[in-house]
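Written out below as structure tokens is the structure these notes cover.
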Amino acid sequence: MMNKTVYDVCIIGSGASGIVAAIESSRRGLSSVVVDKNKKPCKKLYATGNGRCNLTNDIWDDDVYYGNEFVDQVYENLYRKTGLRQRTFILDYFNSLGIKTINLNGYYYPRSLQASSVCWALLDAARNLGVEFINDFTVTDITEGFDYFEITGNNNKNEDSENDRVITAKNVVLAIGGMSGKGLGEAEISVTEGLLSRLSIDYSTFSSGLAPVELTENLSSLAGVRLKAEVRVDNHTEDGEIQINENGLSGIVIMNMSGFLNAGSDIHINVMHKVDELSFTEHFNIIKNEFPGKKLISFLNGYINDKLASYFIDNIYGEFRNITLADISESGIINLYRELTDWTLKIKGIYGFEYSQATAGGIKTPLIDAATMKLKTHRGLFATGEITDVIGKCGGYNLTYAFITGYLAGNSIEK
């Protein structure tokens with residue numbers, strides 16, 4: 001032991017929460033090392049928000065974390081510590097690192113609209129504070145001693161155990177991240193589950209979150225159609241843009257609703273969102289009186305995409321080309337409206353990690369102290385960001401949570 005470097009903290013993962021934890025612990029004079037399996041740190045953060053890095057949001061409804069009360073506790077502890085609510089904290093924190101932000105319809109980005117700006121600011125701060133980075137290092141084991149941890153890993157190109165490297169640290173931050181994405185430095189589920197099991201940490205099963213859905217219905221005729229709609233699953237409702245593909249549905253509103261869906265679930269779509277029945281039927285009657293020979297598909301195309309109009313008319317009436325407004329009765333147009341406002345489809349499944357934007361599941365939150373992000377069952381062991389059983393909707397909520405949990409952990413680690 002005397003010949004080994006003993007760090008105050010080893011952070012596993014150089015993503016959003018890990019780098020902030022390293023910055024904050026180093027500001028307090030602790031020696032810190034960040035290890036990551038990727039060749040360079042911050043890899044996944046470079047791609048977040050389509051390369052623009054959506055840092056936080058103006059909207060903080062109760063359901064942005066799907067009613068997860070642990071997140072409320074985390075943010076309340078942040079407020080007690082800093083006097084700032086989560087959005088203001090994020091904006092102030094990055095301003096202190098040299099990042100100015102811009103508000104685009106409630107979504108906050110760096111003014112450069114480049115995720116690289118955020119990555120560089122974080123890495124510059126960490127390196128200036130003396131944080132050491134070890135890249136291309138896959139952690140294969142963590143051994144918990146009486147007053148230190150031994151973190152074993154190897155170079156990704158050489159899995160021979162004889163070439164293993166052991167890092168010794170008094171504290172460990174699990175900032176491993178999630179399994180979502182492809183080629184973005186995502187965690188491997190088998191490795192993560194193996195480490196948690198060896199540390200006897202209870203966790204909820206990992207699954208893809210914020211993902212497109214596959215349907216039992218064949219919508220190939222509508223592939224590529226985008227529409228604004230309201231989506232309902234049980235008692236959950238959200239509106240936004242949907243994209244239809246050959247096998248199912250995607251788009252932010254679908255990804256946000258995917259957490260409420262399972263194989264066999266029904267999803268209800270209102271393609272006439274914000275168009276009420278009375279105004280629709282009145283408009284229909286006006287146009288019908290003026291142009292009785294107008295094709296129904298032409299009338300519907302004034303409201304929805306022509307392919308979508310064809311799909312509904314074809315399903316309801318069969319061959320649609322010869323149907324005119326004169327052929328449709330008052331009750332007929334009302335029935336058509338109700339079909340358009342309650343398009344019911346059945347879920348075949350949720351797309352996997354490769355297509356998802358975040359990972360559901362993780363370390364169970366009752367095991368974590370919401371003020372420090374320390375595991376209650378272990379000495380000197382912390383968990384931050386996506387490895388915890390927390391997932392937020394699209395819109396910067398997951399990054400906000402990652403940055404703040406990294407901040408709380410980094411300010412709570414003891415020598």
| field | Between CD1 on residue I413 and OG on residue S25, distance to nearest 0.5 Å | value | 5.0 Å

| Value rounded to 0.5 Å, distance of CG in N245 from CG in L219 | 8.5 Å

| query | Do you know the tightest heavy-atom contact between A358 and L210? | reply | CB-CD1, 3.8 Å

| message | With side-chain contact (heavy atoms from CB on, under 4.5 Å) as the criterion, how do L30 and K415 come out once you've worked through the C-alpha distance, each side chain's angles and the decisive distance to 0.1 Å? | response | CA-CA 7 Å; L30 278 64; K415 278 185 174 286; 4.1 Å; yes

| Considering the options L45, I404, I90, which one meets the side-chain contact (heavy atoms from CB on, under 4.5 Å) requirement together with L399? | L45

| message | Could you check whether Y65 and W60, counting side-chain N and O atoms only, form a donor-acceptor pair closer than 3.5 Å? | response | no

| task | Check whether any side-chain N or O of E339 sits under 3.5 Å from a backbone N or O of F312 as a donor-acceptor pair, and report yes or no. | result | no

| message | Distance alone, cut at 3.5 Å: any donor-acceptor contact between the side chains of S17 and T405? | response | no

| field | The single option from T384, I11, I12 passing side-chain contact (heavy atoms from CB on, under 4.5 Å) against L174 | value | I12

| message | With a 4.5 Å cut-off on side-chain heavy atoms, are I244 and Y311 touching? | response | no

| message | Main chain of E414, side chain of R28: is a donor-acceptor contact present, judged purely on distance under 3.5 Å? | response | no

| query | Do the side-chain N and O atoms of E238 and N256 include a donor-acceptor pair separated by under 3.5 angstrom? | reply | yes

| message | I'd like to know whether the aromatic ring centres of F299 and F280 sit less than 6.0 Å apart in this structure. | response | yes

| field | Working for side-chain contact (heavy atoms from CB on, under 4.5 Å), residues N154 and R165 | value | CA-CA 6 Å; N154 55 49; R165 176 174 177 178; over 6 Å; no

| message | Assess the residue pair D389 and I363 against the criterion (side-chain contact (heavy atoms from CB on, under 4.5 Å)); give the C-alpha distance rounded to whole Å, side-chain angles, the decisive distance to 0.1 Å, and a yes or no. | response | CA-CA 5 Å; D389 189 12; I363 297 172; over 6 Å; no

| If we ignore angles and hydrogens, is there a donor and acceptor under 3.5 Å between the side chains of S180 and S356? | yes

| Does the separation of the ring centres of F403 and F94 fall below 6.0 angstrom? | yes

| field | Non-hydrogen atoms of V34 and S14 that approach each other most closely | value | CG1-CB, 3.6 Å

| request: Determine whether the side chains of Y148 and N171 contain a donor N or O and an acceptor N or O closer than 3.5 Å. | output: no

| field | Distance in Å, T168 OG1 paired with F149 CZ, rounded so as to fall on 0.5 Å steps | value | 11.5 Å

| said: Distance check, rounded to the nearest 0.5 Å: L97 atom CG versus D92 atom CG? | reply: 11.0 Å

| message | So for atom NZ, which belongs to K376, do other residues, nucleotides or ligands contribute more than 12 heavy atoms lying within a distance under 6.0 Å? | response | yes

| For the residue pair Y407 and Y93, does the interplanar ring angle fall in the parallel (under 30°), tilted (30 to 60°) or perpendicular (over 60°) class? | perpendicular

| query | Roughly how far apart are N262 CG and K348 NZ, rounded to 0.5 Å? | reply | 16.0 Å

| Worked verdict on E230 versus I269 for side-chain contact (heavy atoms from CB on, under 4.5 Å) | CA-CA 6 Å; E230 180 184 78; I269 302 174; over 6 Å; no

| request: Using distance alone, with no hydrogens and no angle criterion, decide if N135 and K40 have a side-chain donor and acceptor under 3.5 Å apart. | output: no

| query | Which of these, I242, T237, D239, sits in a side-chain contact (heavy atoms from CB on, under 4.5 Å) with V231? | reply | I242

| Donor-acceptor under 3.5 Å (K37 side chain, E186 main chain) | yes

| said: Tell me whether K170 is salt-bridged to D8, with the criterion being a basic N under 4.0 Å from an acidic carboxylate O. | reply: yes

| query | Is there a donor-acceptor pair closer than 3.5 Å between any side-chain N or O of S310 and the backbone N or O of D306? | reply | yes

| request: Dump the intermediate steps for side chain to side chain donor-acceptor pair (under 3.5 Å) on T341 and N270, then the final yes or no. | output: CA-CA 4 Å; T341 54; N270 177 0; 5.0 Å; no

| query | Between the side chain of N77 and the main-chain N/O of Q73, is any donor-acceptor distance below 3.5 Å? | reply | yes

| Does one side chain, of Y303 or H283, offer a donor that lies under 3.5 Å from an acceptor on the other? | yes

| Donor-acceptor contact present, side-chain S197 to main-chain G194, <3.5 Å | no

| said: Counting C-beta onward and ignoring hydrogens, is there a side-chain heavy-atom pair between L381 and K374 closer than 4.5 Å? | reply: no

| query | Roughly how far, to the nearest 0.5 Å, is the CD1 atom of I176 from the OG1 atom of T192? | reply | 5.0 Å

| task | Could you tell me whether the side chain of D63 and the main chain of Y66 form a donor-acceptor pair under 3.5 Å? | result | no

| task | State, without any angle test, whether Y401 and Q86 hold a side-chain donor-acceptor pair at a distance under 3.5 Å. | result | no

| task | Please answer whether the main-chain N or O of M255 pairs with a side-chain N or O of S258 as donor and acceptor at a distance below 3.5 Å. | result | yes

| query | Are R85 and E76 ion-paired here, with the side-chain N under 4.0 Å from a carboxylate O? | reply | yes

| task | Give a yes-or-no answer on whether the side chains of N335 and R338 include a donor-acceptor pair shorter than 3.5 Å. | result | no

| Distance-minimising heavy-atom pair for G406 and V20 | C-CG1, 3.8 Å

| Any idea which heavy atoms bring E217 and L345 closest together, and the distance? | OE2-CA, 3.6 Å

| message | Could you tell me if the side chain of L215 sits less than 4.5 Å from the side chain of I347, heavy atoms only? | response | yes

| field | Residues R127, E132: salt bridge by 4.0 Å N-O rule | value | no

| query | Does the side chain of D36 come under 3.5 Å of the side chain of N38 through a donor N or O and an acceptor N or O? | reply | yes

| message | I need the single residue from V118, N54, I102 that forms a side-chain contact (heavy atoms from CB on, under 4.5 Å) with P110. Which is it? | response | V118

| field | Nearest non-hydrogen partners of F70 and I368, listed with the distance | value | CE1-O, 3.6 Å

| query | Quick check, are the ring centers of W120 and Y46 under 6.0 angstrom apart? | reply | no

| task | For the pair K364 (side chain) and T388 (backbone), establish whether a donor and an acceptor sit closer than 3.5 Å, ignoring hydrogens and angles. | result | no

| message | Which heavy atom of I387 sits nearest to which heavy atom of A383, and what is that distance? | response | CG2-CB, 4.2 Å

| message | Using a 6.0 Å cut-off, check whether atom CD1 of I252 has over 12 heavy atoms from anything other than its own residue. | response | no

| request: Could you check if a side-chain atom of L195 sits within less than 4.5 angstrom of a side-chain atom of R198, using non-hydrogen atoms only? | output: yes

| Does D136 reach the main-chain N or O of K39 with its side chain, forming a donor-acceptor pair under 3.5 Å? | no

| request: Tell me yes or no: between the side chains of T152 and T140, is some donor less than 3.5 Å from an acceptor? | output: no

| Should the pair R87-D58 be classified as a salt bridge under the 4.0 Å nitrogen-to-oxygen rule? | yes

| message | Tell me whether D147 is salt-bridged to R379, with the criterion being a basic N under 4.0 Å from an acidic carboxylate O. | response | no

| said: Check the orientation of Y109 and Y107. Use parallel for under 30°, tilted for 30 to 60°, and perpendicular for over 60°. | reply: parallel

| query | Among side-chain atoms of S117 and S112, is any donor-acceptor pair under 3.5 angstrom? | reply | yes

